[in-house]
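For clarity, every value in this text was computed on a predicted model and none was experimentally measured. The chains referred to below are lettered A, B, ... by the order of the sequence lines, with proteins before strands, and numbering in each begins at 1.
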There are 2 protein chains.
Amino acid sequence: MKKIKETIAKIDGLDRNLMKKAQERLDNLTKPQGSLGRLEELAKLIVGITRNEKPLLKNKVIFTMAGDHGVVEDGVSAYPKEVTPQMVYNFLNGGAGINVLANQINAKVIVVDMGIAVDLESHPELIVKKINYGTKSMTKGPAMTREEAVRAIEAGIEVFEEEYRKGIDIVGTGDMGIGNTTPSSAITSVFTGKPVDLVTGRGTGINDDGLAGKIGVIKKAISINKPDPHDAIDVLSKVGGFEIGGLAGIIIKAASERVPVVIDGFISGASALIAYHLEPKVKDYLIAAHCSVERGHRIILDHIGISPLLNLNMRLGEGTGAALGMSLVESGIKIMTQMATFKSANVSEKIEQ
Amino acid sequence: MKKIKETIAKIDGLDRNLMKKAQERLDNLTKPQGSLGRLEELAKLIVGITRNEKPLLKNKVIFTMAGDHGVVEDGVSAYPKEVTPQMVYNFLNGGAGINVLANQINAKVIVVDMGIAVDLESHPELIVKKINYGTKSMTKGPAMTREEAVRAIEAGIEVFEEEYRKGIDIVGTGDMGIGNTTPSSAITSVFTGKPVDLVTGRGTGINDDGLAGKIGVIKKAISINKPDPHDAIDVLSKVGGFEIGGLAGIIIKAASERVPVVIDGFISGASALIAYHLEPKVKDYLIAAHCSVERGHRIILDHIGISPLLNLNMRLGEGTGAALGMSLVESGIKIMTQMATFKSANVSEKIEQ
């Protein structure tokens, strides 16, 4: 817990002075003021986060963390749990959605086994931080021990630290874990106080009966475990997942190092909820890439108070939405740092009205 | 008019058989079916447009067309009209928003003088198709003659033809012309039947008085000229602009060559309206990049029946939104052509429910 406390203690606010200077620069570029909308806001935010007037997004890193979920035995997913390790191999072989979208923006994908139910063949690009061989079913008790929850978050911090030594200018979060919309819905319901029905969706694609069963499972898990919304570690341990905890660690560590974090979809959102309830200052460092089809995602974003950049009916996870969002952040930075000013381009300014 | 008629006659429907095959391919990729949402729809659409099962977006071209507007003398813009040529020089020097965003996605920007009020210094990358030295004020009569309207569209067709010889896989539309939200609002009101007030916004940033004046100007122009919504050339000539006509030419020619067209903001939308009312089949070739802050833009998109990919509060024009949208189209194509299948990656498929 010491590592978590130290990390959180380092998280500071945005540099409002530099953001003001960034706004002035943006307003002098050859375009009507504010006419590039959210691209301009992103540029300004990145200046405030990084405390760098001309930030570069050279090292883009997406952390895709994987874990298994005991609750799959309760029939909550449309896919069998072997898919978790199978997809991890797919990531390592470059064949998954996240590989394709990360390549497009020249981002690196770091794949982490946070708690897959089987041991994977070793691979030079696989980081193993296995907390346990999958969580326990949360319908029968806590998904993990409190100690495991702390270790999952601390493992995320460590993964970030290791990569940070090589350079990280912006981070994206991604997940893989058959069944993991179930803990994500539980976490969302606990922190936001919204009824389970309103925050639970079809995940990878269950039918109506499956959805009704999933809602029942989540209600049961919350009622049995009684997670305390004022104790983020308690929520993670009782109804969370190892990859969800790991990503929460990535998020708080990134914020403590002034690295912007692009949040992917619903599971990443649940991780952001854990991080935000550990330390609300984290909010300033979060960029919501998109709004997922999973109905609980919008509720998470509203709860934290961040607005998604994209709405493309996506629900894959892995960091795919984060990759697209990162490209927009890069657009904003390029606009701010590469466009000509009215003066440099000899363009007349607005007529006084 | 012969060139326009010949071009339109060549526009065909989408290849539904190939789109079905594309859907099958998408459904076999290692992700839950449909989980990449609009990226998948884009990939399928591009297959249907290009009749190519594995389309490549090698040559990305954004046509940024510029023209001046006589109606600026009626005080409709927040910027003086010298800004039109000044910004064209800025495009040619690489300092504008469109240059930065086109560079990010490795797209070429083709700058065309469709009717700027002054002669520009020659530049190897400037295409001059000047129909006239700006339009006339549409509050005093037609903005241009019917012959000029036809020539503007045909010039767009020619510009496309010239570049198409070098290769174009996808096209974006862009505009520059101080005052050009005014003709765009007029065009929108005429074709959609919506009141002028509902389709008129602040353009580059006029205040409340300016907006009221602009609305009055547009109402007057429509009442004096009585453009016929069943005759797209009539609408263009009476309340249009040279760059708007040129872009309509680009759009119909691209459609006739089965090249997908990514539409930028409000002015490009007005061009799309002209093209759509020349030949409704054009719709299948249009991808709406974003929804502009200009309130008439949403109305245009609804009228044509296309849904924007992005909503980032942008209102710059130049093709900036088109560049961002093109990147998403490319994401979709890459997903379809580069991801592993369940079979190739040995990933288990969905459980029968």
Next item on the list: Please state whether the side chain, the backbone, both or neither of Thr320(B) comes within less than 4.5 Å of a heavy atom of chain A.
Entry: side chain

Checklist line | Closest non-hydrogen atom pair between Ile263(B) and Ala322(B), with its separation | finding: C-CB, 4.5 Å

Check: With chain A, which of Gly317(B), Gly95(B), Ser292(B) has the greatest number of heavy-atom pairs at distances under 4.5 Å?
Finding: Gly95(B)

Check: Can you tell me how far CG of Asn93(A) sits from CG of Asn346(B), rounded to the nearest 0.5 angstrom?
Finding: 10.0 Å

Notebook entry, point to check: Phe266(A) vs His297(A) aromatic rings, parallel, tilted or perpendicular, using cut-offs 30° and 60°?
Noted result: perpendicular

Check: Which bit of Tyr89(A) comes within less than 4.5 Å of chain B, counting heavy atoms only: side chain, backbone, both or neither?
Finding: neither

Note to self: Between the side chains of Lys31(B) and Glu318(A), is the shortest nitrogen-to-carboxylate-oxygen separation below 4.0 Å, so that they form an ion pair?
What the structure shows: no

Margin query: Under 4.5 Å from any heavy atom of chain B, what part of Thr204(A) do you find: side chain, backbone, both or neither?
Written below: both

Checklist line | Which atoms of Val347(A) approach chain B - backbone, side chain, both or neither, heavy atom under 4.5 Å | finding: both

Margin query: Please classify the contact between Ser327(B) and chain A as side chain, backbone, both or neither, with a heavy-atom cut-off of under 4.5 Å.
Written below: both

Notebook entry, point to check: So, Asp27(B) versus Gln23(B): side-chain donor-acceptor pair below 3.5 Å or not?
Noted result: yes

Note to self: Is Asn90(B) close to chain A through its backbone or its side chain, or both, or neither, when contacts mean heavy atoms under 4.5 Å?
What the structure shows: side chain

Check: Do you know which of Asn99(A), Leu310(A), Val83(A), Thr30(A) has the most heavy-atom pairs under 4.5 Å to chain B?
Finding: Thr30(A)

Notebook entry, point to check: So what's closer than 4.5 Å to chain B heavy atoms on Leu328(A): side chain, backbone, both or neither?
Noted result: side chain

Margin query: Against Thr181(A), only a single residue in Lys214(A), Arg202(A), Glu294(A) fulfils side chain to side chain donor-acceptor pair (under 3.5 Å); can you say which?
Written below: Lys214(A)

Note to self: Please identify, among Ala96(B), Ala340(B), Ser35(B), Pro85(B), the residue contributing the most non-hydrogen atom pairs under 4.5 Å to chain A.
What the structure shows: Ser35(B)

Notebook entry, point to check: If you count heavy-atom pairs under 4.5 Å between each of Leu316(A), Asn313(A), Asp209(A) and chain B, which one has the most?
Noted result: Leu316(A)

Margin query: So for Glu330(B), is it side chain, backbone, both, or neither that comes closer than 4.5 Å to the heavy atoms of chain A?
Written below: both

Checklist line | Interatomic spacing from CG in Asp68(B) to CG in Asp113(B) - rounded to 0.5 Å | finding: 8.5 Å

Next item on the list: May I ask you to say whether Arg25(A) pairs ionically with Glu53(A), meaning some side-chain N is under 4.0 Å from a carboxylate O?
Entry: no

Check: Rounded to the nearest 0.5 Å, how far apart are CD1 of Ile116(B) and NE2 of His69(B)?
Finding: 10.0 Å

Check: Of the backbone (N, CA, C, O) and the side chain (C-beta and beyond), which part of Ile335(A) lies under 4.5 Å from a heavy atom of chain B, both, or neither?
Finding: both

Notebook entry, point to check: Given that the side chain runs from C-beta out, which part of Glu82(A) has a heavy atom under 4.5 Å from chain B: side chain, backbone, both or neither?
Noted result: side chain

Checklist line | Shortest non-hydrogen separation from Ser184(A) to Asn180(A) and the atoms involved | finding: OG-O, 2.7 Å

Checklist line | Leu309(A), part contacting chain B, at a heavy-atom distance under 4.5 Å | finding: both

